[in-house]
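The structure appears right after this line, and notes come after that.
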Amino acid sequence: MKKIQYILCLLALAGCDKFLDKMPDNRAEIDTQQKIQALLVSAYPPTDYMLVTEFMSDNVDDYGTNNPYTDRFIDQVFAWDDVTESDNEDPESIWESSYHAIACANEALNSIDELTAEDKSLDLSAERAEALLCRAYNHFILVNVFCLAYNPETSASDLGVPYMMESETTLAPRYDRINVAEVYDRIEKDLEAALPYVSDQYYTVPKYHFNKKAAYAFAARFYLYYGKLDKSVRYATECLGSEPAAMLRDWEYQAKMTQKYDPIVEHYIDASLNCNLLLMTAYSKMGLAFGPYYVYSRYAHGNYLASTETGEAIPNLWNGSNETYWMGMKEYEATNLDKTMFWKLPYLFEYTDPVARIGYYRTVYPAFTSDQVLLERAEANILLGNNQAALDDMNLWIRNIASADEEHLPRTLDEDRVNTWFNNQPYHVWDSSSVKKHLHPKFVTLEEGSTKENMIHCVLALKRVETLGQGLRWFDVKRYGIQLDRRIINADGRPYRKTGTLDPFDKRTAVQIPSKVRDAGITPNPRDNQ
């Protein structure tokens with residue numbers, strides 16, 4: 001039985017051979033079912049993608065140099081620059097965190113093979129399924145952060161990421177980037193091999209593992225991004241069941257709670273809620289950046305964005321206002337502070353030295369929720385031409401989040417209302433925001449002003465609100481080729497100067513791989529100026 005260190009690293013990927021010059025001291029034989037289960041706890045990434053992808057998206061504006069609450073790392077992220085500054089949530093941390101998790105999954109798979117070869121009666125199919133799902137999920141994050149979005153036109157030649165399917169047995173192994181299409185193909189193989197065997201039985205807290213519903217939610221998102229839309233709808237339906245309303249977040253209950261930050265965000269991530277399908281912990285400042293704090297507030301989701309593009313803009317679609325929400329957006333305005341947001345993620349702190357009061361910022365976040373799955377199913381159905389099914393899901397989402405009182409009951413959406421509302425909206429320009437932005441997807445033709453385009457505008461707007469502050473908007477920006485403009489918001493709360501533009505399918509939408517990885521000989525992402 002091979003011996004491994006529990007805290008595995010793929011530092012060879014980062015060119016750090018010195019860590020492999022001698023055997024580690026803390027070793028454990030993975031020779032029982034219980035030890036495999038314990039190892040799989042480490043197959044979930046300890047660093048999240050949310051901060052990088054949220055601050056690269058159009059969910060934040062620049063509040064100018066008078067706001068000192070920034071640093072060089074977040075400046076680079078916001079400007080879509082190749083990141084050279086170090087941070088616990090920088091691209092290097094995302095890369096190493098995901099490959100560390102993949103290494104744990106691969107070692108678990110190897111140990112499962114060895115144990116079942118020794119004992120034919122041992123059933124480790126559930127553990128194998130979890131390991132395959134973790135391997136697939138981590139590669140899914142890597143390919144969507146560090147590569148161009150999947151599309152059938154170019155993904156067979158676009159640079160992907162190394163797909164790790166074996167445990168390391170040599171010093172300084174050589175890795176090559178396969179193309180994006182190959183990465184998606186391998187993710188699909190792992191996913192399909194896992195799904196029939198997922199079990200919730202051995203988990204102590206299923207919501208922190210790939211339980212059945214979380215696995216179906218992952219499959220629904222994966223196949224949506226992959227363009228295999230029938231499968232996306234099928235797995236979303238498996239996840240949501242026959243009564244999806246019972247699976248959604250109870251915004252009415254949350255609105256009736258004590259309206260203070262801590263209890264609200266603690267409830268948002270409650271593992272007992274049906275809507276939270278998979279919870280993850282992470283070293284993260286997202287609870288600060290999207291909470292009532294000054295941290296990173298130079299770049300913020302402020303009142304102008306909320307009122308023209310996101311949470312306070314879209315209720316007009318269903319004949320309402322911010323008061324239609326069970327729990328409306330929270331506004332924080334003070335000197336050098338303009339934040340308008342929904343309360344979601346907690347700010348936690350892990351002390352490594354309580355006396356010196358130093359440690360790590362942390363949060364807990366739902367990697368998948370039923371509310372997200374519902375809207376992803378709606379998007380897939382629109383692309384398939386099943387508009388009524390999509391409208392049913394979007395109306396269910398609206399009635400769940402926005403049925404505040406009889407006066408503001410949302411109007412039911414139909415094709416005519418969606419067409420009328422979006423055709424009356426101007427397209428977004430940098431100094432005059434709009435919910436409607438030009439779309440340039442490579443996987444579908446959208447004629448401007450058509451019902452299909454308007455329906456996609458609608459579901460993207462709802463998804464943007466649902467996932468605000470959780471990093472997922474960035475992937476829709478990439479997939480639909482949405483141009484982004486950087487602008488400074490003046491003291492009156494309006495845009496007054498444009499500072500940068502990210503064109504559709506700009507090469508910078510693929511985050512540059514870490515410098516250590518490039519130094520190890522792995523091909524970097526190309527840039528337009530190279």
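It should be emphasised that the depicted structure is a prediction, and the values quoted were computed from it without experimental measurement.
With Y299 as the fixed residue, the side-chain hydrogen bond (donor to acceptor under 3.5 Å, both in side chains) test singles out one of D75, D61, D62: D75. Of the residues T310, T340, N59, D338, the one that meets the side-chain hydrogen bond (donor to acceptor under 3.5 Å, both in side chains) test with H301 is T310.
In this structure, CG on N211 lies 9.5 Å from CD on E130, to the nearest 0.5 angstrom. Rounding to the nearest 0.5 angstrom, the gap separating the OH atom in Y216 from the CZ atom in R234 is 9.0 Å. Between the CG atom of D190 and the CG atom of L133 there is a distance of 8.5 Å, given to the nearest 0.5 Å. Atom CG of L115 is separated from atom CD1 of I36 by 4.5 Å, given to the nearest 0.5 angstrom.
Within a 6.0 Å radius of OH in Y360, other residues, nucleotides and ligands contribute 12 heavy atoms or fewer. For E243, the CD atom is loosely surrounded, since the number of other residues' heavy atoms within 6.0 Å does not exceed 12. Heavy atoms from other residues, nucleotides or ligands lying under 6.0 Å from OH of Y351 number more than 12. Within 6.0 Å of OH on Y293 lie more than 12 heavy atoms contributed by other residues, nucleotides or ligands. For K330, the NZ atom counts as densely surrounded, since its 6.0 Å shell holds more than 12 non-hydrogen atoms of other residues, nucleotides or ligands.
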Just do the side-chain contact (heavy atoms from CB on, under 4.5 Å) check on K213 and V373 with the steps written out, would you? CA-CA 10 Å; K213 288 189 179 298; V373 174; over 6 Å; no
Could you walk me through whether R249 and N276 pass the side chain to side chain donor-acceptor pair (under 3.5 Å) test, one step at a time? CA-CA 8 Å; R249 188 172 299 281; N276 289 331; 2.9 Å; yes
L502/R508 under side-chain contact (heavy atoms from CB on, under 4.5 Å): CA gap, chis, key distance, verdict: CA-CA 8 Å; L502 188 76; R508 291 173 294 172; 3.7 Å; yes
What verdict does the side-chain contact (heavy atoms from CB on, under 4.5 Å) test give for W343 and Q254, after you've listed the backbone C-alpha separation in whole Å, the side-chain angles of each residue and the deciding distance to 0.1 Å? CA-CA 11 Å; W343 285 337; Q254 193 162 311; 5.7 Å; no
Apply side-chain contact (heavy atoms from CB on, under 4.5 Å) to residues D48 and E89 and explain how you reach the verdict. CA-CA 7 Å; D48 69 89; E89 296 170 84; 3.7 Å; yes
Give the intermediate values and the outcome of salt bridge (charged side-chain N to carboxylate O under 4.0 Å, His left out) for residues E182 and R186. CA-CA 6 Å; E182 289 176 303; R186 294 186 188 185; 5.0 Å; no
Y184 vs F222, test: ring-ring contact (aromatic ring centres under 6.0 Å, His included). Steps then yes/no. CA-CA 9 Å; Y184 268 75; F222 167 74; 5.4 Å; yes
Under the side chain to side chain donor-acceptor pair (under 3.5 Å) rule, what do Y325 and E312 come out as? Steps first, then yes or no, please. CA-CA 9 Å; Y325 291 117; E312 295 178 358; over 6 Å; no
Does Q76 form a side chain to side chain donor-acceptor pair (under 3.5 Å) with T84? I'd like the steps, not just the answer. CA-CA 8 Å; Q76 290 180 333; T84 59; 2.8 Å; yes
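Taking every heavy atom of both residues into account, V465 and K344 meet most closely at O-NZ, 3.6 Å. In this structure, L277 and T369 approach most closely via the heavy-atom pair CD1-C, 3.6 Å. The two residues W326 and W251 come nearest to each other via the heavy atoms CB-O, 3.6 Å. For the pair P366 and Q470, the tightest heavy-atom approach, listed with the atom from each and the gap, is CG-NE2, 3.6 Å. Nearest approach of A108 to L39, heavy atoms of both residues: N-CD2, 3.7 Å. Here the closest heavy-atom approach between residue P244 and residue L374 is recorded as CB-CD1, 4.3 Å.
In this structure, F475 has its ring center under 6.0 Å from that of Y49. Checked against the 6.0 Å centroid threshold, F342 and Y268 do not count as a close aromatic pair. Residues Y361 and F349 bring their aromatic ring centres within 6.0 Å. Proximity of the aromatic rings of Y296 and F290 is defined here by a centroid distance below 6.0 angstrom, and this criterion is not met.
Side-chain atoms of H139 come within 3.5 Å of backbone N or O of R135 as a donor-acceptor pair. Judged by distance alone, with hydrogens and angles left aside, the side-chain atoms of D200 form a donor-acceptor pair with the main-chain N or O of K212 at under 3.5 Å. E376 places no side-chain N or O within donor-acceptor distance of the main-chain N or O of A236, the cut-off being under 3.5 Å. S155 places no side-chain N or O within 3.5 Å of a backbone atom of V180 that could act as its donor or acceptor partner. D158 contributes no side-chain N or O that, together with a main-chain N or O of L148, makes up a donor-acceptor pair within less than 3.5 Å. Here the side chain of D371 pairs no donor or acceptor atom with the backbone of W397 at under 3.5 angstrom. A donor-acceptor contact shorter than 3.5 Å links the side chain of T116 to the backbone of D113. In this structure, K285 contributes its side chain and L51 its backbone to no donor-acceptor pair below 3.5 Å. A donor-acceptor distance shorter than 3.5 angstrom exists from the side chain of Y99 to the backbone of P162, with no hydrogens or angles considered. The closest donor-acceptor contact from the side chain of K339 to the backbone of G291 lies under 3.5 Å.
Counting heavy atoms from C-beta on, the side chains of Y63 and S297 never come closer than 4.5 Å. Counting only heavy atoms from C-beta outward, the side chains of I513 and W95 approach each other to under 4.5 Å. C239 places none of its side-chain heavy atoms less than 4.5 Å from the side chain of R377. Residues E54 and L468 have side chains in contact (heavy-atom distance under 4.5 Å, counting atoms from C-beta outward). For the pair N88 and T47, the minimum side-chain heavy-atom distance is 4.5 Å or more. Looking only at side-chain heavy atoms (C-beta outward), Y197 and R128 stay at 4.5 Å or farther from each other. Using a 4.5 Å heavy-atom threshold, the side chains of L142 and I102 count as touching. A 4.5 Å side-chain heavy-atom check between Y44 and C134 finds at least one atom pair inside the cut-off.
The pair K516-D519 does not count as a salt bridge, with every side-chain nitrogen at least 4.0 angstrom from each carboxylate oxygen. Ion pairing between a basic and an acidic side chain is recognised when a charged N comes within 4.0 Å of a carboxylate O; R464 and D58 show such pairing.
When only modelled atom types and interatomic distance are considered, Q37 and E127 share a side-chain donor-acceptor pair under 3.5 Å.
By the 30° and 60° cut-offs, the orientation of the rings of F218 relative to Y137 is perpendicular.
Y283 carries R362 over the face of its six-membered ring, with the cationic atom under 6.0 Å from the centre and within 45° of the normal.
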